[in-house]
Amino acid sequence: MASFPKSGNTWLRILLNQILSDGTSDDINDQKIGFNFSSSVLFDEAFGFDSSEFSSQDFRATQHMVFDWYIQQNQSMVLKVHNIFDPAIFAHDPDWYGRVGAVYLVRNPLDVLLSAASFYDYSIDTMMHLMCENKRSKETSRWMETSHHQYLDVGNWPKNVKSWLDADIPKIIVRYEDLLAEPVKYFGAILDFLGLACPRTTLIEAVENTKFSKLQAAEEKAEYGFGEAVVRGQKFFRKGKSGDWKNSLSDSQVDYVITHCGGMMKKFGYISDSNVPLTELAEASW
């Protein structure tokens, strides 16, 4: 389950967890699938020792070993991935071809910008430079390096999207906005891709159980909030809307994002041929 951060990956994994648990799990932190590929927990299990002393470079240099180990441990599994697609990690062994596939979720970067700025507690301008150009500073040192000693090479938004678009593995690419507008249709297509087709009634129930208002209520109910929040107690599920950027971004911020992300935005129907943001998404051309 791959995506640039704050593109709906968590919601999609919770939806899938509803299907695989027959809707019996109402604890938002009881997610039995979608382990974070870059979490130190997986490194600890793979190497058999505490990886807390690993540097970012150590994590990056050994990610392919952890991926191989995890595949060997699991006949069927789902991983959460924010990394760019790197064949040296995800496709370096030809024996894995056909056994490794991807569901890639893409979201309008104008909305990603707002959600990520709120999540990481950065200004919009700071997050904009990170998302569009991967420009880092002392202020943004925790970008993709958390207290769990995770290291994720996410690249910038267009690089991340293009890497998965070009990945030579079986994959399905879905826009977050389409999943939001027609969850039964597009989640059904994802389940078909995964070989997990289920009765329509089960699918509808899973969608109902994971409405954003219910996820927010479940997060509020959890003693320490949602476990994937950067800071304990921080609200993870913010708005889950499409098009909220129109209420918060300045014209210059919108222009900046389009300047740096326009090629991929056009391909996915977020802007017109003349680089104007679209109120209703155009048909994607990937």
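The CD1 atom of Ile173 lies 11.5 Å from the CD1 atom of Ile190; values are rounded to the nearest 0.5 Å. Interatomic distance, Tyr270 OH to Asp111 CG, rounded to the nearest 0.5 Å: 8.5 Å. Atoms CG and NZ, on Leu114 and Lys6 in that order, are 12.0 Å from each other to the nearest 0.5 Å.
The two residues Asn108 and Glu177 make their nearest non-hydrogen contact at N-OE2, 2.9 Å. Counting all heavy atoms, side chain and backbone alike, Asn275 lies closest to Ile271 at OD1-CD1, 3.5 Å. For the residue pair Ile84 and Val154, the shortest heavy atom distance occurs at CG2-O, 3.2 Å. Among all heavy-atom pairs drawn from Val174 and Leu179, the shortest one is CG1-CB, 4.4 Å. Of all non-hydrogen atoms in Gly269 and Leu278, the two that sit nearest each other are O-CD1, 3.5 Å. In this structure, Met264 and Val161 approach most closely via the heavy-atom pair SD-CG1, 3.8 Å.
Between Arg107 and Ser3 the shortest side-chain heavy-atom distance does not fall below 4.5 Å.
Here Phe90 and Trp164 bring their ring centres to under 6.0 angstrom of each other.
The side chain to side chain donor-acceptor pair (under 3.5 Å) with Ser123 is formed by just one residue from the set Asp121, Asp125, Thr126; it is Thr126.
Proximity of a side-chain donor or acceptor of Ser163 to a complementary backbone N or O of Asn160 within less than 3.5 Å is detected.
By the 30° and 60° cut-offs, the orientation of the rings of Phe43 relative to Phe47 is tilted.
Linking ILVMFWY side-chain heavy atoms closer than 4.5 Å, directly or via other members, places Ile204 and Leu196 in a single hydrophobic cluster. Hydrophobic clustering (ILVMFWY, side-chain heavy atoms < 4.5 Å, transitive): Val66 and Phe49 are in one cluster.
Other residues, nucleotides and ligands contribute only 12 or fewer heavy atoms inside 6.0 Å of the CG atom of Asp251. Heavy atoms of other residues, nucleotides or ligands lying less than 6.0 angstrom from NZ of Lys171 number more than 12.
A donor and an acceptor atom, one from each side chain of Asn17 and Arg13, are nowhere located under 3.5 Å apart.
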